[in-house]
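Just so you know, these numbers come straight off a predicted model, no measurement behind them. Every chain is numbered from 1, with letters handed out A, B, ... down the list of sequences.
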Amino acid sequence: MTPTELAVADAASRARPSEDRVVNDFSIQVATVNGSGSQTANLVLIRSLFQMGIPVSGKNLFPSNIAGLPTWYTIRASKDGYLARKKEIDFLVAMNAETAREDVLTLEPGAAVVYDEPLKLNLLRSDLTFYPVPFDKLVAQVCPDAKLRRLVRNMIYDGVLAKILGIDTTEMDKALNRQLGKKGRAFGLNQAALAAGYEFAEKHLPKQDPFLVERMRETAGMILIEGNAAAALGCMMAGVTVVTWYPITPSSSLCETLISYMKKYRIDKDTGKATFAIVQAEDEIAALGMAIGAGWAGARAMTSTAGPGISLMSEFAGLGYYAEVPAVIFDVQRVGPSTGLPTRTAQGDMLMTAVLSHGDTKQIMIIPSSVEECYTMAMDAFDLAEQLQTPVFVMTDLDLGMNTWMSQPFEYPTRPLNRGKLLTPETLARIGQWGRYLDVDGDGIPYRSIPGDGMPAYFTRGSGHNAKGQYTERADDYVTNMDRLARKFETARQYVPKPEVQRDPAAGIGIIGYGTSHWAIEESQDQMRDENGLKTSYFRLRAYPFTDELTAFIDQHDRIYVVDQNRDAQVVALLRMELDPARIAKLRSVRHYNGLPIDARSISDEILAQEGHEVVSRSRRPAPSGDETAGVGGE
Amino acid sequence: MTPTELAVADAASRARPSEDRVVNDFSIQVATVNGSGSQTANLVLIRSLFQMGIPVSGKNLFPSNIAGLPTWYTIRASKDGYLARKKEIDFLVAMNAETAREDVLTLEPGAAVVYDEPLKLNLLRSDLTFYPVPFDKLVAQVCPDAKLRRLVRNMIYDGVLAKILGIDTTEMDKALNRQLGKKGRAFGLNQAALAAGYEFAEKHLPKQDPFLVERMRETAGMILIEGNAAAALGCMMAGVTVVTWYPITPSSSLCETLISYMKKYRIDKDTGKATFAIVQAEDEIAALGMAIGAGWAGARAMTSTAGPGISLMSEFAGLGYYAEVPAVIFDVQRVGPSTGLPTRTAQGDMLMTAVLSHGDTKQIMIIPSSVEECYTMAMDAFDLAEQLQTPVFVMTDLDLGMNTWMSQPFEYPTRPLNRGKLLTPETLARIGQWGRYLDVDGDGIPYRSIPGDGMPAYFTRGSGHNAKGQYTERADDYVTNMDRLARKFETARQYVPKPEVQRDPAAGIGIIGYGTSHWAIEESQDQMRDENGLKTSYFRLRAYPFTDELTAFIDQHDRIYVVDQNRDAQVVALLRMELDPARIAKLRSVRHYNGLPIDARSISDEILAQEGHEVVSRSRRPAPSGDETAGVGGE
Amino acid sequence: MSTVTPTPGRKVNRIGLEQQQYRGGKTTLCAGCGHNSISERVTEAFYEMGVHPSNVIKLSGIGCSSKSPAYFLGGSHGFNAVHGRMPSVGTGALLANRKLIAIGVSGDGDTGAIGIGQFVHLMRRNLPIIYIIEDNGCYGLTKGQFSPTADLGSKLKTGVVNDLPPIDTCALAIELGATFVARSFSGDKKQLLSLLKAALSHRGTVMLDVISPCVTFNDHEGSTKSYAYAKDHDDPLEEVSFVPFFEDINVDYEPGTTQEVVMHDGSKLYLKKLDESYDPTDKIAALRVLQEAQRRGEFATGVIYIEPDRDDFLELLNLVDEPLAMLPLEKVRPPREALEEVMESLR
Amino acid sequence: MSTVTPTPGRKVNRIGLEQQQYRGGKTTLCAGCGHNSISERVTEAFYEMGVHPSNVIKLSGIGCSSKSPAYFLGGSHGFNAVHGRMPSVGTGALLANRKLIAIGVSGDGDTGAIGIGQFVHLMRRNLPIIYIIEDNGCYGLTKGQFSPTADLGSKLKTGVVNDLPPIDTCALAIELGATFVARSFSGDKKQLLSLLKAALSHRGTVMLDVISPCVTFNDHEGSTKSYAYAKDHDDPLEEVSFVPFFEDINVDYEPGTTQEVVMHDGSKLYLKKLDESYDPTDKIAALRVLQEAQRRGEFATGVIYIEPDRDDFLELLNLVDEPLAMLPLEKVRPPREALEEVMESLR
Ligand SMILES: Cc1ncc(C[n+]2csc(CCOP(=O)(O)OP(=O)(O)O)c2C)c(N)n1
Ligand SMILES: Cc1ncc(C[n+]2csc(CCOP(=O)(O)OP(=O)(O)O)c2C)c(N)n1
Ligand code: SF4
Ligand code: SF4
Ligand SMILES: [Mg+2]
Ligand SMILES: [Mg+2]
């Protein structure tokens with residue numbers, strides 16, 4: 001394969017509005033090679049904007065290898081607070097010779113390019129602003145030790161951008177300090193590189209593009225965090241005690257961050273011992289097996305994985321459902337099928353997970369959209385798993401889990417742990433006769449005992465059992481138990497997180513979205529309203545099974561657009577399974593499945609097209625199929 | 001657990017029509033303990049009826065252990081040729097002390113009971129005909145060796161039944177001979193036991209019940225076979241070369257029978273060597289992995305499993321889909337979730353298998369209803385897998401796979417093997433440039449080469465690849481390939497077995513069924529027509545994806561009843577995913593999920609109830625929930 | 001924990017329970033199945049060692065063997081998991097509650113075929129569990145197919161001959177780090193009972209491979225896992241006697257003939273060696289003994305390898321003493337300041 | 001098979017191919033990664049042995065190591081399967097076509113963790129495949145976590161210390177029945193090349209564990225799989241030289257110092273022993289050598305165990321000579337009479 005084949009071909013597609021000054025509203029893309037140490041430079045860049053009070057988001061597009069392949073880091077600054085991916089790149093930093101040509105050719109007219117001088121990219125187009133920078137020369141000046149140059153070279157573009165875009169260099173220094181801390185020498189070298197870039201730009205690169213930053217006050221008190229770290233915090237606060245995992249992108253950093261938090265905050269002060277166990281299992285089957293064993297024995301237990309792991313967990317997931325054992329499973333979704341694109345984002349496991357395991361199994365899913373929800377829903381998940389005595393899947397994705405998001409700081413939980421119907425001497429006295437699978441309360445949820453709690457013991461099995469937990473092959477016992485499980489699933493509708501509904505009474509059409517599509521949907525709503533006068537309502541699903549609010553929302557609108565980041569319109573499928581035909585008739589589908597985080601423009605274009613609005617294709621060249629594609633015949 | 005907990009509680013539910021003679025139209029149930037050697041007696045019984053030209057079917061209800069637990073074998077004689085389970089038992093042979101009480105109490109008035117005298121079952125009810133037989137005494141007379149008595153004791157009831165029902169004893173001898181062959185001593189002992197039973201009945205048991213058999217000519221030339229054996233024959237005739245499997249009930253006998261056929265008919269005459277490889281793998285993951293490896297290298301490869309195995313195969317199933325490797329997987333479905341009821345029947349894996357594996361995977365399923373289709377569809381499956389270059393799942397079930405069915409003999413295949421688009425020098429010359437995943441013909445199906453065939457090599461992977469099979473992470477390549485896979489799935493609609501449609505132009509309602517429900521549906525149609533004047537059409541699904549005929553059938557009817565042998569109305573769900581709302585509005589659901597083969601009466605009752613006919617509950621005692629339950633709200 | 005009032009005059013163990021209280025449900029296995037004898041020995045061992053059933057968890061996979069836990073210790077929690085995956089469930093349960101005493105029962109198919117991966121990693125971790133393989137060389141529950149412990153040349157009832165070498169689970173366990181590895185025969189009541197009692201005194205993984213004939217599918221001539229074959233080819237390494245810590249008995253033995261192993265709870269295991277040169281604390285010697293026995297078509301029984309002092313997996317994890325499952329909110333939710341500190345670091 | 005017209009004057013092997021024709025795609029692994037050296041040796045070995053690429057299949061699981069097959073033998077079919085499951089895919093492929101020469105590449109995580117079950121059964125079956133573990137003691141592709149071959153006490157870059165004992169894949173392979181087991185170091189070009197060439201002459205499973213440092217995540221001080229550590233602790237058992245059957249060379253050696261092993265294709269492997277008492281055809285000796293090396297913190301390299309004559313899995317199956325995948329209809333569909341006979345038996 002040639003390197004350019006690896007390039008991401010998400011072409012830009014808008015014409016640039018001719019403006020003099022575009023302030024705090026543009027995207028910067030840094031194209032490098034992975035393993036080249038650009039991470040520090042990129043984090044310093046995003047942090048310094050953030051410190052200036054400007055809403056930002058950062059998305060890392062990296063290859064599924066360790067070093068030497070193309071990587072793109074995109075930072076969006078948005079005065080309006082939009083955090084979704086912006087489809088168009090406004091400002092390119094072209095450091096990677098292998099992709100530079102395609103990177104430049106796919107830009108919108110009017111975009112700006114900082115590039116490594118020898119690449120001579122300026123010859124490619126005349127409708128862009130080019131800023132050539134002799135990186136090698138500059139780095140040689142600031143870093144005499146040739147071996148270290150690779151590590152500081154990238155910091156030069158931060159300096160250049162600081163000058164061109166007007167970023168406060170004291171904020172850059174601060175961000176750099178934060179990044180490198182007290183690593184004295186590294187800090188010094190990088191600071192020198194920053195300065196060198198700045199000075200070079202000051203001398204040689206007169207401002208020619210419209211993009212500028214200015215201080216705002218929109219980020220005061222806020223934090224920058226990845227979803228996986230937020231989820232890890234949530235797990236810690238949820239009182240997780242047993243974590244069993246197997247490394248897989250994009251989920252590894254969830255458990256790895258959790259390890260570091262737990263080591264810091266969950267060591268018993270008096271004894272120096274751990275109030276948790278974290279075990280790297282031999283594979284995902286074992287990881288879920290351990291979590292199920294731990295959940296059965298009363299721990300708050302979890303694992304975290306991605307698509308291939310979910311497939312491998314099928315058998316244990318069915319055991320968890322049928323034997324009614326709590327466990328929390330994070331599915332940080334990536335692009336399938338099979339190994340697919342391990343470092344790209346998708347929502348492709350929704351349907352499979354809803355019915356994960358053979359033989360009439362049904363699973364609970366909760367779906368965070370934000371880093372804050374990664375935090376709160378982690379806590380919800382542990383409570384739900386114990387309340388409902390069943391596996392609970394937290395369906396997040398690579399975009400949420402591994403990218404950098406701005407958020408209000410997380411609140412300390414005030415709710416105690418909800419451990420569900422654990423049998424106690426009091427309950428036992430109240431209910432009289434206990435049976436492990438007896439539906440005492442009519443909600444399908446039985447009472448459970450755990451080993452060592454002094455309550456009556458029982459035998460847990462994945463084979464047929466009656467209300468007392470005894471082995472049975474009787475037809476009536478089987479049906480009674482299966483019907484109770486169905487009833488429990490109905491009960492779950494009341495316990496899972498409620499949707500978030502924004503209704504515009506004037507809107508004829510509604511949008512249903514979930515997970516990371518949220519950010520693009522909100523922006524798309526504004527786009528359609530502002531650009532096309534199209535008003536929309538918005539219903540954000542936060543769980544499966546669906547809750548009661550759903551039908552009301554559908555009834556309030558003429559047409560409903562369901563946004564899925566997968567090819568097969570999987571949540572449309574789940575909706576179709578249970579809605580009545582009149583409501584199904586209102587459903588339309590918007591799909592996005594090219595592995596890149598969904599963007600507002602793709603949604604707007606698709607909805608507008610289906611609504612019969614004229615959508616002007618504004619891209620320079622045919623967009624790669626898929627970024628533009630969407631829409632099954634949507635009835 | 002107590003033994004009676006294990007009893008099957010599928011109560012009968014009809015009042016007996018008062019008739020003098022019921023000829024060739026009743027069911028016999030033999031209740032024994034498994035491991036007690038009743039199999040020979042039962043097979044002799046069913047065979048002798050079959051030899052008398054009477055349509056029969058035999059269903060074995062056995063526990064998930066090896067010896068010592070209750071077992072029921074039911075034979076239905078049906079002059080009208082109905083092969084489904086009959087819900088009511090007309091004639092009980094009560095040999096098992098542990099279940100005898102419940103077995104007798106759940107009979108319809110008017111039924112007859114042959115029982116082991118010391119059990120004194122006659123005291124239980126007065127509305128049945130009782131025939132006490134002193135089995136121990138009789139067996140002691142014919143079999144002096146006490147150790148052998150256990151093995152021949154059961155043959156006595158065959159003798160008793162021969163007399164009471166009027167079965168020709170020469171047919172019994174013939175059937176016995178066939179069963180035991182030249183095992184001289186065993187044959188002699190059993191024949192003596194048969195005679196002893198006959199003579200005892202002649203002397204002591206005057207006929208009091210209405211049930212009789214008489215010779216017919218309905219079975220001439222026909223065969224008796226289990227679905228798994230039929231499928232095995234089909235696989236052999238399909239030219240299977242690599243079989244990799246892991247034992248699991250109810251699928252083991254498919255591969256085990258295949259082994260014996262292959263050893264007999266697939267050893268190369270000239271060399272004495274095998275034209276096949278059959279390997280017992282270490283588990284189902286390996287079994288499918290091997291089949292995929294073999295299919296990739298050009299073998300006709302298969303595996304066979306049941307629910308838990310399907311779950312474990314998820315990951316490889318996704319690889320097969322995405323890397324486009326042919327393989328045939330038999331899923332002989334049993335009751336889930338999890339281990340569930342391993343020796344009971346269900347159609348509970350339909351939905352899971354349709355989307356088996358994470359990340360936008362879609363699988364092909366074909367669905368036999370008869371032993372004949374087990375044979376023909378096995379051949380279809382191998383052709384389809386190679387034509388479509390993808391895993392093909394043959395969805396059968398325990399009822400079809402392990403029970404004894406009457407059938408016309410199978411026809412010798414006339415069709416050559418369809419090996420699909422294998423690249424040849426000629427094709428290569430014609431198409432010019434070859435790419436492993438290039439859609440040359442517009443049907444989504446590319447050309448493939450196999451190792452050792454002298455055609456260009458390629459690299460197969462479950463990660464992102466372009467039309468040439470090269471590694472790629474490009475958004476456009478990914479979408480292009482996924483869209484082609486979707487196109488291929490559309491192409492599959494034309495290749496998979498067509499449905500079987502019986503349209504009654506006068507019928508307002510239609511029934512959609514699949515798999516073993518077929519037999520009960522046909523009988524139910526007759527019941528509803530004859531008893532209620534309700535005419536119905538019938539559409540038998542034979543594959544997923546669904547074919548074009550489906551929508552026409554729905555359009556021709558006002559309401560459509562979809563019969564599923566699972567709790568979650570899984571095929572309704574699959575239909576709902578793709579039909580338009582007007583057609584969905586016509587769908588109703590009939591579910592049956594207590595682990596017993598579905599029966600006509602349950603279908604009729606459910607349809608009639610939903611149609612607003614009055615359904616008289618005619619059962620003696622409340623039927624076990626589940627056998628009667630059915631029907632989601634079906635709007 | 002339920003309080004127990006023993007019937008006066010009845011025999012009780014040191015914690016006041018009768019043997020009856022260690023029994024389980026009625027077996028549904030075939031009459032004569034080796035697995036039933038093992039269940040009886042387990043019942044006796046736990047009774048005699050005075051382990052309270054409510055402190056015990058019983059785990060298994062799928063198979064006839066894996067049904068056994070339902071037939072002993074009815075007062076203990078049990079978990080009949082999925083095929084071959086008992087090790088992970090057991091690991092999780094012990095992580096949740098390190099005070100539990102875990103006994104796992106598996107089959108040679110459950111362990112040797114589908115479960116070999118989890119087996120390997122369990123052994124490697126030295127998880128404190130008594131892991132019993134009820135080894136009949138076949139798949140009983142699915143009607144007699146060969147399992148991976150079937151010996152080379154062993155015959156199925158149908159006459160099919162096994163042509164793959166067996167996996168020696170004891171050799172594997174030793175190689176992988178199990179710290180107490182023994183083999184026995186379901187028909188040798190005395191040896192098996194001693195081994196089980198010693199197992200209860202060991203801290204770390206006990207791997208006990210017990211030849212346990214399947215009377216229905218693998219007890220014929222030509223089978224190397226039949227009762228007859230097992231009786232004739234049982235080659236005990238030692239006479240095993242066990243003295244629990246609570247019994248103050250001194251065993252006299254001639255030095256050189258008997259090895260005394262002090263278990264971590266102070267119990268003593270006396271191994272009167274039948275082959276004097278054999279040292280069950282020497283890995284290579286243990287592997288050699290296994291290989292030589294196999295070459296002779298025999299199976300060495302008794303304690304094959306023991307390492308009484310290695311840290312088990314739970315110790316390596318440095319867990320608090322209380323079971324993780326029982327920790328109160330204040331132990332598992334860090335204080336408000338902790339969250340604040342993290343938030344501050346992200347600002 | 002494509003015909004090859006070698007450029008005149010260029011160096012070709014015995015089947016007329018240039019070394020260039022044995023290369024694969026450009027590597028995307030890190031510069032300096034041990035895996036790249038292994039790919040180079042594979043290229044050389046297949047070239048020097050004159051194996052036609054179109055007769056070869058390359059198999060792997062998932063990991064940096066598992067990407068390697070894309071970087072050698074570009075003219076061969078390759079299959080990059082799912083994580084840890086290369087053995088089953090390889091088994092199936094060889095069942096389909098017994099004439100293929102199979103080389104599988106795995107990682108220590110791919111084999112030792114998720115894949116250990118399939119590994120065990122592959123070894124047990126003695127499937128004719130060259131199975132290479134590119135062993136760096138960590139998960140490269142997922143960024144450096146410990147794998148099950150990480151040594152006790154080995155340190156992660158983050159300072160975390162491994163407290164579980166390693167799985168010795170060579171010991172395991174020997175115990176399970178692999179018939180050619182060797183260990184090497186990606187930095188030892190000569191030894192590795194000889195071993196690979198010998199591997200191509202062996203019939204049965206060749207298990208080759210190659211220490212292959214991960215420069216990005218496991219090449220620091222404290223790691224026992226770093227280049228520095230590997231160089232210092234490589235303890236070769238023998239000087240390995242290999243003479244292929246098509247080269248008519250006689251090697252002179254002093255008897256007693258060198259062991260000659262005749263491979264099944266007639267090639268000869270000469271092992272000049274550095275420890276004279278060592279006999280690589282003795283299982284127990286092999287296990288001892290591994291254990292002692294481990295105890296010393298070294299790793300023994302060279303041929304550790306070899307059994308050149310055992311039947312491989314495909315031979316046990318008694319397959320026809322032609323590849324099953326290529327059999328014509330008349331060989332795979334029994335005649336009409338066969339079906340009739342079956343039907344008759346069911347009437
Ligand atoms: C995933 C899965 N595959 C297959 C089976 C079917 N199965 C049940 S028990 C068993 C083998 C049991 O053999 P073993 O562990 O030796 O136990 P035994 O019955 O001999 O005591 C198999 C293959 C299953 N339950 N689950
Ligand atoms: C089922 C599954 N789980 C997890 C992963 C993620 N994963 C990819 S490579 C890898 C480990 C690779 O380690 P190793 O085999 O040692 O190869 P190396 O990269 O070190 O060469 C893992 C866990 C996966 N691809 N599939
Ligand atoms: S089949 Fe065999 S293993 Fe199973 S219960 Fe019977 S004797 Fe025991
Ligand atoms: S991360 Fe390690 S194993 Fe992977 S390519 Fe780089 S050096 Fe090799
Ligand atoms: Mg067994
Ligand atoms: Mg590795």
Revision key, fill the gap. One should read off an interatomic distance between C:Thr142 OG1 and B:Glu256 CD, to the nearest 0.5 angstrom, of 7.5 Å
Review point. With a 4.5 angstrom heavy-atom cut-off, which part of C:Ile62 approaches chain B: side chain, backbone, both or neither?
Key: side chain
Practice item. Indicate yes or no: at least one non-hydrogen side-chain atom of C:Ile114 is less than 4.5 angstrom from one of B:Ile285. Key: no
Point to revise | Crowding at CD, B:Gln39 (>12 non-hydrogen neighbours, <6.0 Å) | key: no
Point to revise | Greater than 12 external heavy atoms within 6.0 Å of B:Arg101's CZ | key: no
Exercise for review: Using non-hydrogen atoms and a 4.5 Å limit, figure out which bit of B:Ile248 sits close to chain C: side chain, backbone, both or neither.
Suggested key: backbone
Check your understanding: Who in residues 146-161 of chain C is close to chain B, using a strict under-4.5 Å heavy-atom cut-off?
Key -> C:Phe146, C:Val160
Check your understanding: Tell me, do C:Val82 and B:Pro308 make a side-chain contact under 4.5 Å, heavy atoms counted?
Key -> no
Point to revise | Residues of residues 217-224 of chain C near chain B, each having a heavy atom less than 4.5 Å away | key: C:Phe217
Check your understanding: Quick one: are B:Asp283 and C:His83 in side-chain contact, heavy atoms under 4.5 Å?
Key -> no
Practice item. Would you give the length of the straight line joining atom CH2 of B:Trp245 to atom CD of C:Gln145, rounded to the nearest 0.5 angstrom? Key: 4.5 Å
**Study point:** Point-to-point distance, once rounded to the nearest 0.5 Å, from SG of C:Cys33 to CD1 of B:Ile66
**Key:** 10.0 Å
Point to revise | Heavy-atom contact with chain C under 4.5 Å, split by part of B:Pro247 | key: both
